[in-house]
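Only one structure is covered here, and it is reproduced in the block below.
Order of the sequence lines sets the chain letters (A, B, ...), proteins ahead of strands, with each chain counted from 1. Remember, it's a predicted structure, so these values are computed and weren't measured experimentally.
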Protein chains: 2
Amino acid sequence: MLGTTKERAGMPAVSAEEGHTAGTGTGRRRAGRPSAAVLDKAGITTAALDLVSRKGYDGLTMAALAKQLEVAPSALYNHVASKRDVLLLVEDHLTSLVDVSAFGSKSWEDAVRTWAWSYRDVFAEHTPLIPVIAVLPVTDAPQTLAMYETVSKGFLDAGFPEERIVSAIVALESFIFGSAYDVTAPGDIFEPGSMADANPHFTAAVRSSAGPGRPADTAFGLGLEALISGLGALRGQAG
Amino acid sequence: MLGTTKERAGMPAVSAEEGHTAGTGTGRRRAGRPSAAVLDKAGITTAALDLVSRKGYDGLTMAALAKQLEVAPSALYNHVASKRDVLLLVEDHLTSLVDVSAFGSKSWEDAVRTWAWSYRDVFAEHTPLIPVIAVLPVTDAPQTLAMYETVSKGFLDAGFPEERIVSAIVALESFIFGSAYDVTAPGDIFEPGSMADANPHFTAAVRSSAGPGRPADTAFGLGLEALISGLGALRGQAG
DNA sequence: CTAATAAATGAACGACATTCATTTAGTGCT
DNA sequence: AGCACTAAATGAATGTCGTTCATTTATTAG
């Protein structure tokens with residue numbers, strides 16, 4: 001019931017832009033409602049993104065967020081119900097950064113490729129969001145919904161049977177989310193170490209797998225091309 | 001430096017089995033080292049699994065774990081360095097439940113199918129582990145390493161070029177982890193709600209996507225078959 | 001004008017993971 | 001045997017974090 005009426009994503013003038021310099025402001029605000037609202041969802045979102053980019057997700061605490069916005073932590077709860085809500089705001093903003101432009105201008109294969117790589121790259125920097133996203137109803141995430149709309153239309157126009165589109169997108173998305181983790185994994189994650197002798201085939205496979213570019217990119221490319229050709233075969237079929 | 005010498009996974013007699021009845025024991029243990037050790041890694045692992053199955057991952061706290069084992073929370077830190085360590089113990093145990101038996105007895109396609117479904121099913125019940133696993137060096141996880149060994153050998157025997165095996169496994173695993181989340185997602189996660197009108201193609205796709213069985217299973221089956229046929233094409237090729 | 005609501009402060013709470021001093025028991029060395 | 005060292009437990013304490021609540025002040029609706 002709180003904060004439902006006013007806030008829009010229009011970034012109303014100043015507060016969001018100025019607040020997070022967190023600088024040399026003379027003193028604290030006195031208690032009570034200020035004449036101009038200090039917080040809104042857009043400002044909270046950009047402050048959270050800023051904080052994450054500087055301090056990582058460990059640094060994204062309600063207290064740190066409040067400090068950046070120069071408010072008391074409890075003030076945040078007039079605009080979001082929980083920290084999870086903050087993460088949802090961040091997630092929805094990030095989704096708007098995913099490149100869906102190739103749907104409509106390129107072939108289905110190229111469009112999926114562009115979209116998937118972009119999607120993975122965006123969330124590879126934000127893996128702590130993945131457990132939240134994956135169980136998140138899209139209802140509360142307009143940008144996410146917009147992305148699905150564009151992608152769905154691309155699949156439909158490419159001749160996909162309507163009943164299979166959601167499954168195909170979910171399959172791709174699952175692969176994308178899982179792959180986002182790989183990007184941040186340490187390079188030696190598969191080093192068998194002292195147990196190399198007991199696992200000879202795997203050890204040999206690891207040793208011989210070095211190629212150009214990041215291993216995570218190689219694996220992602222491999223899986224993505226497999227999915228594209230496998231799923232592409234559904235086009236033009238009956239349900 | 002602590003607890004490195006003695007403990008093995010051999011489940012030494014009683015402690016692991018009896019401890020977690022947490023029942024009508026008369027009183028507290030007096031301070032100081034007990035004659036027979038109360039804790040070991042195997043006991044901690046089974047107690048953690050028990051706790052998770054009864055209370056979920058929210059219920060898996062160091063305090064609750066200690067209570068189940070009838071020790072003080074700080075006693076746990078003589079055997080694990082952190083809660084993350086506990087999660088690693090749990091993860092490695094779960095990996096041993098994944099069915100790799102089809103490698104060696106069935107065709108490569110059938111073996112991958114069996115393995116992948118089993119792997120997904122096991123971790124669908126344990127999604128909070130996924131962020132931990134995904135970045136986890138296999139060195140500390142012998143069961144996990146053993147699984148990779150079996151799968152690697154299966155790929156090699158099926159004619160996969162050695163340099164591609166790790167990438168292929170990573171691609172499959174990424175898909176599996178991502179898909180595990182879907183299983184636990186709410187059924188109405190894709191309901192566009194009030195924004196249905198603004199996203200007609202996606203809304204139509206969602207409405208028409210109802211089929212027999214769980215939606216998560218449909219999507220997983222679709223993606224897995226695509227990956228199997230796409231990756232299977234690598235067999236017998238040069239690197 | 002007045003009641004309701006929105007938006008801020010600041011104090012407090014309850015979990016939780018983790019650390020530390022202390023106590024007691026086993027182990028290895030001479 | 002005796003002694004130092006280490007292992008394994010208790011119990012108290014700490015610091016962080018998300019969240020709630022009473023209170024204050026300003027805006028808005030009727």
May I have all residue pairs that pass side chain to side chain donor-acceptor pair (under 3.5 Å) and include part of residues 167-181 of chain A, sequence neighbours excluded?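 Qualifying pairs: Tyr119(A)-Glu173(A), Tyr148(A)-Glu173(A), Ser174(A)-Asp182(B), Tyr181(A)-Tyr181(B).
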With sequence neighbours left out, write down each residue that passes ring-ring contact (aromatic ring centres under 6.0 Å, His included) with Phe175(A), or none if nothing qualifies.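 By the ring-ring contact (aromatic ring centres under 6.0 Å, His included) rule, Phe175(A) matches Phe220(A).
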Not counting sequence neighbours, which residues clear ring-ring contact (aromatic ring centres under 6.0 Å, His included) with His126(A)? List them please.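 Counting only residues at least two positions away or on another chain, His126(A) forms a ring-ring contact (aromatic ring centres under 6.0 Å, His included) with Tyr57(A).
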Between atom [atom1] in [X] and atom [atom2] in [N], what is the gap in whole Å?
X: Leu39(B); N: dT10(D); atom1: CG; atom2: C1'; value: 12 Å
X: Lys67(A); N: dT9(C); atom1: NZ; atom2: C1'; value: 17 Å
X: Asp40(A); N: dA8(C); atom1: CG; atom2: C1'; value: 14 Å
X: Lys55(B); N: dA15(C); atom1: NZ; atom2: C1'; value: 16 Å
X: Asp58(A); N: dG15(D); atom1: CG; atom2: C1'; value: 15 Å

What residues, two or more places apart in sequence or in another chain, satisfy side-chain hydrogen bond (donor to acceptor under 3.5 Å, both in side chains) together with His93(B)?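 With sequence neighbours excluded, His93(B) shows a side-chain hydrogen bond (donor to acceptor under 3.5 Å, both in side chains) to no residue whatsoever.
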Contact under 4.0 Å: His79(B) side-chain N or O vs dA7(D) OP1/OP2: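 For His79(B), the contact criterion (side-chain N or O under 4.0 Å from OP1 or OP2 of dA7(D)) is not met.
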Less than 4.0 angstrom between a side-chain N/O of Arg29(B) and OP1 or OP2 of dT10(D), yes or no?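 Yes, such a contact exists.
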Return the set of residues passing salt bridge (charged side-chain N to carboxylate O under 4.0 Å, His left out) with Arg84(B) (not counting sequence neighbours), or none when no residue passes.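 None.
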Please produce a list of atom pairs where a protein N or O lies less than 3.5 Å from an N or O of nucleotides 17-20 of chain C.
| from | atom 1 | to | atom 2 | distance (Å) |
| --- | --- | --- | --- | --- |
| dA17(C) | OP1 | Lys83(B) | NZ | 2.8 |
| dA17(C) | OP2 | Met62(B) | N | 2.8 |
| dT18(C) | OP2 | Tyr77(B) | OH | 2.9 |
| dT18(C) | OP2 | Lys83(B) | N | 2.8 |

Closest contact, heavy atoms only, Thr127(B) versus Ala124(B):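 Looking at all heavy atoms of both residues, the shortest contact is CG2-O, 3.7 Å.
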Donor-acceptor pair (no angle test) under 3.5 Å: Asn78(B) side chain, dA7(D) base: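 In this structure, the two groups form no donor-acceptor pair.
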